[in-house]
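Each remark here refers to the structure printed beneath this line.
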Amino acid sequence: MDKILIVGLGNYPKEYTNTRHNVGFKIIDELSNSLGIELSQSKFNGIYGSKNIGDKTIYLAKPYTLMNLSGEFIQPLMDYFKINLDNLLVICDDVDTSFGNIRVRKSGSSGGQNGLKSIINRLSSENFKRIRVGIGRPIPPKSMVDHVLSKFNQEELSILDKVTEKINNLIIDWINDTNFEKLMSKYN
């Protein structure tokens, strides 16, 4: 049975709920609801849940390590469950993509995203799938830190619901054996 690990990046303390930097957490929460996977297990300073879907075991996870240390959760979790690098999908925010857009990639650099940088360092590889969710750049005089830690407004949350639905559809297509390169063409 194939094992797939889907991880949403964010910062754990409750004060970061609904912030731009926590868009990965928000999408994992929605995916958890739509796939019926309860995030009730704890290991390696994070939470996860799993479910068999067809001939695959799907793991959904959120690290509680803070963004900059995400690899310290993902790498031991992958080792523990013996998950191949090919079956890792990471969802994170991206300031270089316009708000409401997504970028789907099979591999690549961190692009300055500290969570991806940590994962790349711990796995010694850039060769894992990722979905980067656009949160846009800050409008001066707002700093980058203030921007990524700011909360979404109601209009943005409404747009984010549509983005989340799109990502859910992409992930379900992938679970159902759609080639990832086809998904990149369809969803980018």
Side-chain angles (χ1 to χ4, degrees), residues 3-51 53 57-78 81 83 85 87-95 97 99-106 108 110-111 113-120 122-123 128-135 148-149 151-152 156-157 159-175 180 183 187:
K3 297 175 182 177
I4 292 176
L5 175 60
I6 304 166
V7 181
L9 302 188
N11 289 315
Y12 169 62
K14 295 285 185 204
E15 71 225 45
Y16 297 113
T17 300
N18 280 332
T19 62
R20 297 171 195 287
H21 223 16
N22 271 32
V23 74
F25 277 14
K26 181 169 178 38
I27 289 169
I28 286 294
D29 290 341
E30 294 296 326
L31 193 57
S32 167
N33 289 335
S34 66
L35 293 178
I37 300 175
E38 188 178 346
L39 301 175
S40 60
Q41 304 293 313
S42 178
K43 195 173 278 309
F44 308 117
N45 201 13
I47 62 168
Y48 70 94
S50 65
K51 180 179 182 179
I53 299 177
T57 302
I58 310 303
Y59 295 87
L60 300 181
K62 299 190 309 189
Y64 283 177
T65 56
L66 294 179
M67 180 70 74
N68 299 353
L69 302 173
S70 298
E72 292 181 16
F73 166 72
I74 292 172
Q75 181 262 320
L77 196 67
M78 289 181 68
F81 288 114
I83 296 170
L85 193 57
N87 290 338
L88 171 64
L89 174 64
V90 176
I91 304 166
C92 66
D93 64 287
D94 184 14
V95 297
T97 300
F99 179 76
N101 292 326
I102 65 171
R103 289 176 47 205
V104 184
R105 299 283 183 264
K106 281 179 70 171
S110 70
Q113 212 283 353
N114 288 328
L116 290 178
K117 194 179 298 182
S118 171
I119 297 164
I120 290 166
R122 282 300 292 256
L123 298 177
F128 58 89
K129 297 167 181 68
R130 75 273 320 258
I131 299 172
R132 298 173 73 122
V133 181
I135 61 168
V148 299
L149 297 180
K151 293 190 181 284
F152 293 108
E156 290 170 328
L157 285 171
I159 293 168
L160 196 54
D161 286 343
K162 293 177 182 139
V163 171
T164 300
E165 183 179 337
K166 184 177 183 179
I167 291 171
N168 279 348
N169 291 337
L170 181 158
I171 289 170
I172 289 167
D173 285 349
W174 182 48
I175 290 169
F180 205 78
L183 294 176
Y187 289 99

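Just so we're clear, the structure is a prediction, and the values are computed from it rather than from any experiment.
- Closest of all the heavy-atom pairs between Thr19 and Phe152 is O-CE1, 3.5 Å.
- Between Trp174 and Phe180, the ring planes are perpendicular. Angles over 60° get that label, and only those under 30° would be called parallel.
- Across every non-hydrogen atom of Gly100 and Ile159, the tightest pair is CA-CG2, 4.1 Å.
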Exercise answer: donor-acceptor pairs, residues 22-32 side-chain atoms, under 3.5 Å, sequence neighbours excluded:
residue	atom	partner	partner atom	Å
Asn22	OD1	Asn11	N	2.7
Asn22	ND2	Asn11	O	2.8
Asn22	ND2	Tyr16	O	3.3
Asp29	OD1	Lys62	NZ	2.8
Asp29	OD2	Lys62	NZ	3.4
Ser32	OG	Ile37	O	2.3

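- Distance check, rounded to the nearest 0.5 Å: CD1 of Ile102 to OG1 of Thr164 gives 10.0 Å.
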Item to complete: Starting from the C-alpha separation in whole Å, work towards a yes-or-no answer on side chain to side chain contact (heavy atoms under 4.5 Å, CB included) for Met78 and Leu85.
Response: CA-CA 8 Å; Met78 289 181 68; Leu85 193 57; 4.1 Å; yes
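- Taking CG of Leu60 as the start and CG of Leu89 as the end, the distance is 10.0 Å to the nearest 0.5 Å.
- Just one residue in the list Leu183, Leu170, Val90, Ile6 forms a side-chain contact (heavy atoms from CB on, under 4.5 Å) with Ile131, and that residue is Leu170.
- Taking each heavy atom of Leu5 and Ala61 in turn, the nearest pair found is CD1-CB, 4.0 Å.
- Judged by distance alone, the side chain of Arg105 and the main-chain N or O of Arg132 form no donor-acceptor pair under 3.5 Å.
- Atoms CD1 and CD1, on Ile58 and Ile4 in that order, are 4.0 Å from each other to the nearest 0.5 Å.
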Item to complete: Take Ile119 and Leu9 through the side chain to side chain contact (heavy atoms under 4.5 Å, CB included) test and state the conclusion after the steps.
Response: CA-CA 10 Å; Ile119 297 164; Leu9 302 188; 4.0 Å; yes
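- Using cut-offs of 30° and 60° on the angle between ring planes, the pair Tyr48 and Phe81 is perpendicular.
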Cut-off 3.5 Å, no hydrogens considered: what does the side-chain donor-acceptor table look like for residues 66-74, sequence neighbours left out?
residue	atom	partner	partner atom	Å
Ser70	OG	Met67	O	2.8

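- Side chain to side chain, Gln113 and Asp94 fail the donor-acceptor criterion of an N or O pair below 3.5 Å.
- Listed here is the closest heavy atom pair of Pro63 and Gly8: CD-O, 3.3 Å.
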Discussion item. Test side chain to side chain contact (heavy atoms under 4.5 Å, CB included) on Ile172 and Leu35; report intermediate values, then the result.
Written reply: CA-CA 9 Å; Ile172 289 167; Leu35 293 178; 4.0 Å; yes
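- Distance OG1/Thr65 to CZ/Phe44: 13.0 Å, rounded to 0.5 Å.
- One finds the CD1 atom of Ile135 at 7.5 Å from the NE2 atom of His21 (value rounded to the nearest 0.5 Å).
- Lys151 NZ to Thr17 OG1: the interatomic distance, rounded to the nearest 0.5 Å, is 5.5 Å.
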